[in-house]
Amino acid sequence: MAALDRLGREARVAVDVVRAVVAFMRRVEAGAVGRLLTKDDSTPVTAIDFAVQAFVASRLARECDDIPLVAEEDSASLRADAALADAAVAAAGALVPDIDRGRLLDLVDRGAGTAGSRFWVLDPIDGTKGLLHGRQYATALALIHDGRVEVGVVGCPRLPLGQDVEGGVAVAARGRGAWWTSPAGSDAGPLAVSRTSALSVARVIRSWEDSHGDVERLGRILDGCGNRVPPVRMDSQAKHVALAAGSVDVLFRLPLSSNFRDAVWDCAAGALLIGEAGGRVTDLSGTPLDFSAGRRLVRNDGCVASNGALHEAALEAVRSSR
Ligand code: AMP
Ligand code: MG
């Protein structure tokens, strides 16, 4: 705990906010707060996504109001769907006192901030499909400064790591380290990547969704290095936490199309966690992720993250699989 107390003000605010979200999500999962609604378009969004974004936006505005917020959701679908908006207001009521529809819309739209020299990045519910189907999901909050991640916090209400069988919060601050802490904040243990040094026995992790990555190419990569270990499939930046904790060794994000670019909120917090736990994160060509290009990583193609020891071999395996 003391390690977290010594972090800078923004990092401490981020940890407090994400802890509150994890506590809220446990109550949601227990059925105490409303129902999860799903919009029927291809990526699901629930009332909970908006409620969490509104809550985080309100806390950041109160405590760090000069830093813009770049977040996944906007209010368009709330404005078009009164039932969804009502459900989001009801859910947010447990987090933001006296919230009404107008305030909810304003708070959600705070996420349209400018991705300039310094900004927060938020995915309120990363892996909404995971949330809906009983798998992993996360709340990811990061602070970007001059294109680099300074603070990364990933709350994982369902991730079984160490003794916190009911989930926890992973925290990283650039140059300071990375930790896994219980939602209540009673303890914090350092996160450290694995020491696995051969790709042939590496534990690989990838998206749960086949549609989020080139599964055939991953198969070729694993065949090429004689790896017969079935990849772990997991939604959200819970993957990055698992890698930072040493539970897996390499993460591949292999875009299905050559023009797909990841959103910054799907990578930023998790990337710093892995770096500060001793690992390495690049795109498929070995270039570091560049967070100075706006809401998407337009200068990077895909992602390879590893424990560091395996990184060059993983990049070479990617090159050979083209
Ligand atoms: P993951 O569970 O790692 O696949 O990450 C979930 C995130 O992937 C969601 O927040 C989506 O924004 C994002 N996503 C949506 N479509 C794609 C796609 N075609 N390829 C990669 N990621 C996607
Ligand atoms: Mg999301």
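Whatever order the structure lists them in is the order used to number ligands and atoms, beginning at 1. Keep in mind it's a predicted model, so treat the numbers as computed, not measured.
Counting non-hydrogen atoms of neighbouring residues, nucleotides and ligands closer than 6.0 angstrom, the CG atom of D66 exceeds 12 such neighbours. Remark: R217 CZ is packed, more than 12 non-hydrogen atoms of other residues, nucleotides or ligands lying under 6.0 Å away. Counted within 6.0 Å of CZ on R195, heavy atoms from surrounding residues, nucleotides or ligands total 12 or fewer; the atom is thus considered open.
In this structure, F260 is part of the shell of residues with a heavy atom less than 4.0 angstrom from ligand 1. Ligand 1 is approached by K239 to a heavy-atom distance shorter than 4.0 Å. Within the structure, ligand 1 lacks Q237 among the residues with a heavy atom less than 4.0 angstrom away. Put simply, part of R253 is less than 4.0 Å from ligand 1, judged by heavy atoms.
The nearest non-hydrogen atom to atom 15 (C) of ligand 1, considering only M234, H212, H240, comes from H212.
The side chain of D123, and not its backbone, has at least one atom closer than 4.0 Å to an atom of ligand 1 (non-hydrogen atoms only; side chain from C-beta on).
With a 4.5 Å cut-off on side-chain heavy atoms, V281 and H240 do not count as touching.
For the salt bridge (charged side-chain N to carboxylate O under 4.0 Å, His left out) criterion with R253, the lone passing option out of D262, D283, D214 is D262.
Atoms of ligand 1 found under 4.0 Å from any heavy atom of S211 (numbered from 1 in listed order, with element): 19 (N).
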